[in-house]
Amino acid sequence: MIEYIRGELTEVTPALAVVEAAGVGYALNISLNTFTAIQDKKEVKLFVYEAIMTGGRDDSITLYGFATKQERELYMMLITVSGVGANTARMILSSFAPNELCNVIATGNEKFLKSVKGIGLRTAQRIIVDLKDKITNSTLAQQMPDVPKTQIPDVNKEVRDEAIGALTMLGFSPAPTAKVVIEILKQQPQLPVEQVVKLALKQIK
């Protein structure tokens with residue numbers, strides 16, 4: 001089993017990194033979180049998960065790379081959930097930072113999970129049911145002390161969810177969108193959805 005690969009980052013895209021180590025170029029599938037963490041680096045260390053496919057005409061090994069052990073641990077948890085495959089797990093990790101995803105699952109926020117492309121209500125609920133206790137009781141809770149003690153701020157939930165949903169449909173990632181929307185509602189709690197969306201569009205980067 002490969003624990004990690006350290007070497008020169010020879011190629012990188014939002015979905016794939018090629019790391020050369022000891023003369024061998026390793027192609028690793030990555031999330032947007034990992035891409036953001038490594039895109040400007042020459043030397044990188046990626047923690048590895050090996051997906052081994054057997055039983056077909058040809059066996060194959062696909063490598064997934066993660067900037068942190070925490071992200072890899074979350075990935076390995078996600079793919080144990082029925083209905084969550086390798087690409088769906090990577091999509092989830094591309095939509096939320098690891099601590100944000102832990103908080104979403106630990107607080108049972110199925111609407112945030114549903115905002116990820118390919119995640120329906122049943123899958124979101126299944127992720128929460130299957131992983132909530134695991135995350136709360138795992139080392140992730142110690143490494144990320146705001147999980148699950150810090151809850152999503154108490155703002156107008158209906159307006160919050162509608163605004164995040166509208167912005168997600170416009171193509172914005174749900175995690176940074178949620179931060180902006182919640183901050184707007186904390187400062188101006190009486191704003192209607194359309195005004196929250198208009199303000200958020202000016203602030204989201």
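Just so you know, residue 1 is the first one in the sequence shown, and it goes up from there. Every heavy atom of this structure was used, including side-chain atoms; hydrogens, water molecules and symmetry mates were not.
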Item checked: Partners meeting side chain to side chain donor-acceptor pair (under 3.5 Å) with Lys179 (sequence neighbours left out) -> Glu100
Margin query: Filter on ring-ring contact (aromatic ring centres under 6.0 Å, His included), then keep only pairs touching residues 68-110, sequence neighbours left out; what's left?
Written below: Tyr49-Tyr75, Tyr64-Tyr75, Phe66-Tyr75
Backbone of [Y] reached by a side-chain donor or acceptor of [X] within 3.5 Å:
X      : Y      : answer
Thr34  : Ala67  : yes
Thr107 : Asn103 : yes
Asn33  : Leu93  : yes

Tell me whether [Y] is reachable from [X] by hopping between hydrophobic residues (I, L, V, M, F, W, Y) whose side-chain heavy atoms are closer than 4.5 Å.
X      : Y      : answer
Val159 : Val197 : yes
Val12  : Leu16  : no
Ile61  : Tyr4   : no
Leu131 : Val129 : no
Leu46  : Ile2   : yes

Calculate, to the nearest 0.5 Å, the distance between atoms [atom1] and [atom2] belonging to [X] and [Y] respectively.
X      : Y      : atom1 : atom2 : result
Thr62  : Asn87  : OG1   : CG    : 9.5 Å
Arg126 : Glu110 : CZ    : CD    : 12.5 Å
Ile30  : Leu63  : CD1   : CG    : 13.0 Å
Glu20  : Leu9   : CD    : CG    : 11.0 Å
Glu50  : Met1   : CD    : CE    : 6.5 Å
Gln188 : Glu183 : CD    : CD    : 10.5 Å

Do [X] and [Y] have side chains that approach each other closer than 4.5 Å (heavy atoms only, starting at C-beta)?
X      : Y      : value
Ile127 : Ile92  : yes
Thr88  : Val116 : no
Gln125 : Leu121 : yes
Lys111 : Ile164 : no
Val19  : Val44  : yes

Margin query: Run the side-chain contact (heavy atoms from CB on, under 4.5 Å) test on Ile184 and Gln203 for me, step by step, so that the C-alpha distance in whole Å, both residues' side-chain angles and the decisive distance to 0.1 Å come before the verdict.
Written below: CA-CA 10 Å; Ile184 290 171; Gln203 299 180 32; 3.9 Å; yes
Closest approach of [X] and [Y], non-hydrogen atoms and distance?
X      : Y      : answer
Thr123 : Gly83  : CG2-O, 4.5 Å
Asn29  : Arg90  : CB-NH1, 3.2 Å
Pro14  : Leu32  : CB-CD2, 3.6 Å
Val196 : Ala163 : CG1-CB, 3.8 Å
Ile5   : Ala21  : CG2-CB, 4.1 Å
Ala124 : Lys114 : CB-CG, 4.0 Å

Next item on the list: In sequence, state the C-alpha distance, the side-chain angles, and the governing distance for Val104 and Ile128, and then conclude on side-chain contact (heavy atoms from CB on, under 4.5 Å).
Entry: CA-CA 9 Å; Val104 165; Ile128 291 168; 5.9 Å; no
Notebook entry, point to check: When you check the gap from the basic side-chain N to the acidic O, do Glu3 and Arg72 get nearer than 4.0 Å?
Noted result: yes
Next item on the list: Take Ile105 and Met77 through the test side-chain contact (heavy atoms from CB on, under 4.5 Å) and record every step on the way to the result.
Entry: CA-CA 12 Å; Ile105 294 173; Met77 286 185 180; over 6 Å; no
Notebook entry, point to check: Passes side-chain contact (heavy atoms from CB on, under 4.5 Å), Leu78 versus Leu101? Steps please.
Noted result: CA-CA 11 Å; Leu78 285 167; Leu101 180 57; 4.0 Å; yes
